[in-house]
Amino acid sequence: MASEAYGEGTESLVAFAKSRDSSDERLEQCGIYESKAMEEDGQLKENAWNMGRNEPMSKRQMKKLMREKQWKDQKEQRKQKRKEKKLQRKLERQTRSEEAREESARKRFKRDVTPSNLRVALDCSFDSLMVLKDVKKLHKQIQRCYAENRKAAHPVKMYLTSHSGQLKTNMDENDKGWVNWKGITVTSEHFSEAMKKEDLVYLTSDSPNVLNDLDATKAYIIGGLVDHNHHKGLTYNKALELGITHAQLPLGNYVKMDSRKVLTVNHVFEIILAYLEKQDWQEAFFTVLPQRKGAVPACLPVSTEQKEAEDDCDICDATENGRASEALAQEDNQPSKLKCEEQGTKISEDIDGET
């Protein structure tokens, strides 16, 4: 009985193995047939594209074949684009790493910053006197002031007063990040309401008072106005109306310019920051003023100017004497020139007679 059972089990194993081998052969044959079918299908498509087909082809089939051929033709282009994108991502990572290093360097530099107690306010109460184009220019100047104050060695306490109207609308539309500005007080109040009246000093080029030094207990007001000199004396008259102190920067004592002395908002602000750092007005002016202003150092002492004037007079006298001698020489040579001209005329007449 045991042998019979063993024989039956053996026969079942052999049958199972045979069936498995036959199934593997069938699967292998099916795979071969499928691969052959795919190759034949691809060959048929290629022949249909290159040589055409006898049976009619629908537009849908034609478009499909065109897309497949285009996909094959653009293989190298796609490969090149992938390489370019990979290289671009690499460059972007390098740029971000460099910016991160620069940012960390700036942060390290800011640790040595010594803030100043000086207050500087930008008076933006002239909104109704400007067109939108000038309001946009004022916005850029305010951005420059904020940026320079952020990286200054001695940043001041910055105020933006009377912030409303066109300026606020333009900043809300084009610079929404201004609400996150740090180190600045933005208010719709007038500067006379935001600060004590006795601490105010309005900086205006029309003031007869010259500012020789900056007082840390004062608040200096800069008029936020871009009018291309259409409203002369406006800020000075405003200071008189409010009854507050007014002064002008000592520009004329240190600098001589070809253009007018009226400076932009950011130039005045940057000059104050430069003076706080360098403690020298002339160096502060020449650090900030652009070249188009034609700024040169102020006049030399009187004694030197007088000496130069005397030298200029001597040169003028010598020049006049030289011109006089040249005139006498010309008068002496005049008869000989006349004689030569007469001889030339006579020779020309003789030639004309011969011809």
Side-chain angles (χ1 to χ4, degrees), residues 31 34-50 57-115 122 132-133 135-156 158 160 163 166-186 264-267 269-270 273-274 277 287-288 290-292:
E34 287 179 358
S35 62
K36 287 182 177 179
M38 290 175 65
E39 291 178 359
E40 290 177 356
D41 185 43
Q43 187 65 32
L44 288 173
K45 290 180 180 179
E46 186 70 22
N47 293 336
W49 174 260
N50 294 327
M57 182 182 294
S58 65
K59 291 183 179 180
R60 185 174 181 179
Q61 291 175 335
M62 182 62 72
K63 289 180 180 179
K64 184 178 179 180
L65 290 175
M66 290 176 65
R67 285 195 297 269
E68 290 177 358
K69 182 172 176 57
Q70 187 177 9
W71 177 261
K72 291 179 181 179
D73 294 340
Q74 294 178 351
K75 183 178 179 180
E76 292 296 328
Q77 296 180 2
R78 292 195 301 273
K79 186 177 180 180
Q80 185 65 26
K81 285 183 179 180
R82 286 195 297 270
K83 289 183 179 180
E84 291 176 356
K85 287 183 178 180
K86 186 177 180 181
L87 180 61
Q88 186 177 0
R89 287 194 296 268
K90 183 179 179 181
L91 294 175
E92 288 177 355
R93 287 195 298 269
Q94 293 177 354
T95 304
R96 284 196 296 268
S97 61
E98 291 176 358
E99 290 177 353
R101 287 195 296 270
E102 292 177 358
E103 183 67 22
S104 61
R106 285 196 294 268
K107 288 181 178 179
R108 287 195 299 270
F109 174 75
K110 285 184 178 181
R111 292 171 188 168
D112 301 331
V113 168
T114 305
L122 306 183
L132 182 58
K133 181 180 178 181
V135 171
K136 291 182 179 180
K137 290 182 180 179
L138 177 61
H139 176 203
K140 291 182 180 179
Q141 293 177 9
I142 293 172
Q143 287 177 320
R144 180 67 180 269
C145 293
Y146 172 75
E148 292 296 325
N149 194 49
R150 289 284 292 169
K151 65 182 182 181
H154 303 287
V156 299
M158 186 176 176
L160 193 64
H163 185 248
Q166 297 182 90
L167 178 62
K168 185 178 184 303
T169 303
N170 184 72
M171 292 178 69
D172 289 337
E173 293 176 354
N174 303 316
D175 187 18
K176 296 180 181 180
W178 72 266
V179 295
N180 299 321
W181 284 0
K182 299 178 181 179
I184 181 174
T185 302
V186 182
T264 60
V265 174
N266 59 290
H267 285 161
F269 191 89
E270 291 174 38
L273 294 177
E277 179 181 358
T287 302
V288 175
Q291 293 182 354
R292 68 174 183 273

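Just so it is clear, the structure is predicted and the values come from calculations on it, not from any experiment. Numbering starts at 1 and runs along the sequence shown.
Rounded to the nearest 0.5 Å, atoms CD (E84) and CG (L87) are 8.0 Å apart. Here the NZ atom belonging to K140 is positioned 9.5 Å from the CG atom belonging to N170, to the nearest 0.5 angstrom. Expressed to the nearest 0.5 Å, how far CG of L91 lies from CZ of R96 amounts to 11.0 Å. Distance check, rounded to the nearest 0.5 Å: CG of L167 to CD1 of I142 gives 4.5 Å. To the nearest 0.5 angstrom, Q61 atom CD is 14.0 Å from M66 atom CE.
For the side-chain hydrogen bond (donor to acceptor under 3.5 Å, both in side chains) test, residues two or more places apart in sequence or in another chain that qualify with D172 are K168, W178. Applying the side-chain hydrogen bond (donor to acceptor under 3.5 Å, both in side chains) test to E277 and every residue at least two apart in sequence or in another chain returns nothing. Judged as a side-chain hydrogen bond (donor to acceptor under 3.5 Å, both in side chains), and not counting sequence neighbours, the contacts of N266 are T264, E270.
Residues V288 and H267 share a closest heavy-atom pair of CG1-O, 3.8 Å. The two residues V113 and P155 make their nearest non-hydrogen contact at CG1-CD, 3.3 Å.
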**Request:** Mind running side chain to side chain contact (heavy atoms under 4.5 Å, CB included) on K86 and R82 for me, showing each step along the way?
**Result:** CA-CA 6 Å; K86 186 177 180 181; R82 286 195 297 270; over 6 Å; no
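A cation-pi arrangement is not found for R150 relative to W181, the charged atom failing to lie both closer than 6.0 Å to the ring centre and inside a 45° cone about the ring normal.
Ion pairing between E68 and K72 fails under the 4.0 Å rule for side-chain N and carboxylate O.
The side-chain contact (heavy atoms from CB on, under 4.5 Å) test with M171 is passed by exactly one of K136, Q166, Q143, H139: H139. Shown are Q80, E76, K75, K81; of these, the side-chain contact (heavy atoms from CB on, under 4.5 Å) with R78 is made only by K75.
Residues T185 and L160 fail the side-chain proximity criterion, which asks for heavy atoms closer than 4.5 Å. Two residues are said to be in side-chain contact when any heavy atoms from C-beta on lie closer than 4.5 Å; K85 and R89 meet this criterion. The side-chain heavy atoms of H154 and L273, taken from C-beta on, include no pair separated by under 4.5 Å. Contact check for K64 versus R60: no side-chain heavy atoms found under the 4.5 Å cut-off.
Not one N or O on the side chain of Y146 forms a donor-acceptor pair closer than 3.5 Å with the backbone of M158. Counting only distance, with no hydrogens or angles, the side chain of N149 and the backbone of V156 share a donor-acceptor pair below 3.5 Å.
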